[in-house]
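Accompanying notes for the structure given below.
Every chain is numbered from 1, with letters handed out A, B, ... down the list of sequences.
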There are 2 protein chains.
Amino acid sequence: MFSKACEYAIRSALLVASHSLKGERVSIRDIAEESDSPMAFTAKIMQQLAKGGILYSVQGKHGGFEMSKEQMQTTRLSRIVSLIDGDKVFTGCGLGLKACNALKPCPLHNQFAVVRNELRQMLENTTVLDLTLDLNNGQTFLKR
Amino acid sequence: MFSKACEYAIRSALLVASHSLKGERVSIRDIAEESDSPMAFTAKIMQQLAKGGILYSVQGKHGGFEMSKEQMQTTRLSRIVSLIDGDKVFTGCGLGLKACNALKPCPLHNQFAVVRNELRQMLENTTVLDLTLDLNNGQTFLKR
DNA sequence: CTCTAACAAGACAAATTTGTCCTGTTTGAA
DNA sequence: TTCAAACAGGACAAATTTGTCTTGTTAGAG
Ligand code: FES
Ligand code: FES
């Protein structure tokens, strides 16, 4: 469904948000540990998230990553997904034709477009803050 | 969403069904041409489909692939997808945890499980015959 | 019987994704 | 001022997916 990079991106973003809600800044080392992701690879992804304005990076000693309350509220998962994976998952043809085109549809188009749309809406309606609150309540988990 | 191999598998299966409905057997060469897929790669996938009982292969001169009406009726897309891609797409965790587990869910579980389930149901409710009829009516297309 | 068209199967190659490592820069603290 | 902790960024490496090639087997047609 999502690439590994995208999975790490979402997990990392939620972890940064979780710490930021507690007033903590968090390092790559901790992100990798707490979200069970490969450290160096995750570091690259964090750069993309920072460049994309999903979160802030702070250099130097005691540096790390943090997210403002506003970023948590306004960042929808769809934004992270399209930043990392592009929007093929939202607009691509299920059978791999060059583009999805309702005027000359592939055999699966009618059925597929419905599900693809629900996925898109789900991701657009879900903010980082929404998911982070559950996480901090101990109702959900980033590693087992 | 699906792997390239899986996209080719579905396109090829529909194409074979389409020809079989017209009483024709179809060669790898024609499949590649008419569904716009790489020939040698598609050949490998056809072997998987034949071994999986999705369709028949006939060797020798004037050989090729064909599908019985029964195969078209009983083969659901979910079968092709799980044969080629496995069932990670039906059961896997959206954030990449080892397994989806509702008792210790990831932050996206509640939302994701709904969409994943609709995808599964859509693929389970769609047979090869369903899609092939539209294709033969000229309402849908396998290449543009 | 021989030739040819077609699938089977394994080895190989290219491309993409995933992951690592090293060097440089930033910044706080001793 | 110097040191250490942390991010930035590029080069590199491993793994996976995608795609090709070659050889063998099958079976119909002449
Ligand atoms: S054309 Fe294939 S999903 Fe729209
Ligand atoms: S635990 Fe992640 S989707 Fe179910």
* Do other residues, nucleotides or ligands put more than 12 heavy atoms under 6.0 Å from A:F141 CZ? -> yes
* Asked: Can you tell which of D:dC7, D:dA8, C:dA9 lies closest to the side chain of B:Q47?
  -> C:dA9
* When you measure from the side chain of A:Q59, which nucleotide among C:dA9, D:dC7, D:dT18 comes out closest? -> D:dC7
* Structure fact -> Result for side-chain hydrogen bond (donor to acceptor under 3.5 Å, both in side chains) between B:E34 and one of B:R11, B:H19, B:R29 points to B:H19
* Just checking, is any N or O donor in the side chain of B:S82 or B:D87 under 3.5 Å from an acceptor N or O on the other one? -> no
* Specify the residue among B:A43 and A:T42 whose closest nucleotide of DNA chain C lies further upstream toward the 5′ end. => B:A43
* Identify which nucleotide among C:dA6, D:dC7, C:dA8 has an atom closest to any side-chain atom of B:S57, counting heavy atoms from C-beta outward. => C:dA8
* Looking at D:dA4, C:dC7, D:dA8, which one has an atom nearest to any side-chain atom of A:K61? -> D:dA4
* Which nucleotide in the set D:dC7, D:dT20, C:dG19 lies at the smallest distance from any side-chain heavy atom of A:K4? -> C:dG19
* **Selection from D:dT18, D:dA6, C:dA8 that lies nearest to any side-chain heavy atom of B:A5** => D:dT18
* **d(CZ, A:R29; P, C:dC21) in whole Å** => 13 Å
* Interatomic distance, A:K51 NZ vs D:dG10 C1' [rounded to whole Å] -> 11 Å
* Structure fact -> From CG of A:L55 across to P of D:dA6 the rounded distance in Å is 17 Å
* Value in whole Å for how far the C1' atom of C:dT18 lies from CZ of A:F2 -> 18 Å
* Expressed in angstrom and rounded to an integer, what is the separation of B:E66 atom CD from C:dA6 atom P? -> 15 Å
* To do: Check whether A:F2 and A:L142 end up in the same hydrophobic cluster, where Ile, Leu, Val, Met, Phe, Trp and Tyr are linked by side-chain heavy atoms less than 4.5 Å apart.
  => yes
* **Closest-nucleotide 5' rank along DNA chain D - winner of A:G64 and A:K44** => A:G64
* Asked: Among the nucleotides D:dG19, D:dA29, D:dC7, which one has an atom lying closest to any side-chain atom of B:H62?
  -> D:dA29
* **Gap between atoms CD and C1', on A:Q48 and C:dG19 respectively (whole Å)** => 14 Å
* **D:dG19 OP1/OP2 closer than 4.0 Å to side-chain N/O of B:Y8** => yes
* Asked: Want to settle it: does A:A40 or A:G60 sit nearer the 5' end of DNA chain C, counting the closest nucleotide to each?
  -> A:A40
* To do: Starting at atom CZ of B:R25, determine the distance to atom P of C:dA5, rounded to an integer number of angstrom.
  => 17 Å
* C:dG19, D:dT20, C:dA8: which one has an atom nearest the side-chain heavy atoms of A:F41? -> C:dG19
* hydrophobic_cluster_shared for B:V58 and B:L15, side chain cutoff 4.5 Å -> no
* B:K143 side chain vs B:E33 backbone, donor-acceptor pair below 3.5 Å -> yes
* To do: Under 4.0 Å between any heavy atoms, over every strand shown, what does A:Y56 touch: base, sugar-phosphate, or nothing? Just pick one.
  => nothing
* Whole angstrom value for the distance that separates C1' of D:dT17 from NZ of B:K88 -> 12 Å
* Describe the nucleic acid contact of A:G63 in one word from base, sugar-phosphate, nothing, applying a heavy-atom distance below 4.0 Å. => sugar-phosphate
